[in-house]
Amino acid sequence: TLKKAIRRGVLERTFFPVTMGSAYKNKGVQLALDAVNTYLPAPHEVENVGLDLENDEEEVSLSTDIKKPFVGLAFKLEESKFGQL
């Protein structure tokens, strides 16, 4: 199907779907979230690497094993006078 072909291209990094939407009146937001869920890989489906800053930025393979320590990335995007964290 078309969805499987798009997902395969995304996983191979040869196809990059683009969605558009606006939080104003919630136009296209759910479609964008559905596309993320449908096409992008789950963390256990790809190799995840981090950099060990204490060891000359040597690459470290990150595991999705729940028994190992949690590693996460948080970010915030906001455009307002109160946007600074």
Side-chain angles (χ1 to χ4, degrees):
T1 67
L2 181 58
K3 285 185 178 181
K4 287 181 182 178
I6 292 172
R7 179 166 166 77
R8 186 172 53 251
V10 169
L11 293 176
E12 293 170 353
R13 295 183 179 180
T14 58
F15 187 81
F16 306 94
V18 176
T19 64
M20 296 177 70
S22 171
Y24 180 68
K25 294 190 178 181
N26 202 28
K27 298 291 183 189
V29 174
Q30 190 59 52
L31 293 172
L33 293 173
D34 290 344
V36 167
N37 191 43
T38 301
Y39 302 125
L40 298 183
H44 68 275
E45 295 178 312
V46 294
E47 181 182 3
N48 295 292
V49 260
L51 299 177
D52 185 354
L53 298 178
E54 296 176 357
N55 197 9
D56 198 30
E57 295 189 355
E58 181 180 330
E59 285 192 356
V60 178
S61 181
L62 302 175
S63 171
T64 57
D65 186 354
I66 61 172
K67 296 176 184 163
K68 292 189 176 182
F70 173 78
V71 176
L73 174 65
F75 64 94
K76 176 184 175 188
L77 299 175
E78 182 179 334
E79 185 177 333
S80 73
K81 63 180 181 177
F82 303 109
Q84 299 298 317
L85 291 176

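Every value quoted in this text rests on a predicted model; they were computed, and no experiment measured them. These values consider heavy atoms only, across backbone and side chains, with no hydrogens, waters or symmetry-generated copies.
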In one Ile/Leu/Val/Met/Phe/Trp/Tyr side-chain cluster, 4.5 Å: L2, L40:
yes

With a 6.0 Å cut-off (strictly less than), is the heavy-atom count around CD of E54, excluding the residue itself, greater than 12?
no

Considering all heavy atoms of both residues, which atom of P17 and which atom of V10 are nearest to each other, and what is their separation?
CD-CG2, 3.4 Å

Would you say the side-chain atoms of E45 pair up with the backbone N or O of A42, donor to acceptor, closer than 3.5 Å?
yes

Quick one: pull up OG1 in T14 and CZ in R8 and give me the separation to the nearest 0.5 Å.
9.0 Å

Is V36 linked to I6 within one hydrophobic cluster, defined over Ile, Leu, Val, Met, Phe, Trp and Tyr using a side-chain heavy-atom separation of less than 4.5 Å?
yes

Pair E47, V49 - check side chain to side chain contact (heavy atoms under 4.5 Å, CB included), show working.
CA-CA 7 Å; E47 181 182 3; V49 260; 4.2 Å; yes

Donor-acceptor under 3.5 Å (D65 side chain, K67 main chain)
yes

D52 side, atom CG; E59 side, atom CD - distance, nearest 0.5 Å
11.5 Å

Check: P43 main-chain N/O paired with N48 side-chain donor or acceptor under 3.5 Å:
yes

In terms of heavy-atom contacts, S22 and V29 come closest through O-CG2, 3.4 Å

Show me the pairs that pass side-chain hydrogen bond (donor to acceptor under 3.5 Å, both in side chains) and involve residues 31-40, at least two apart or across chains.
Q30-D34

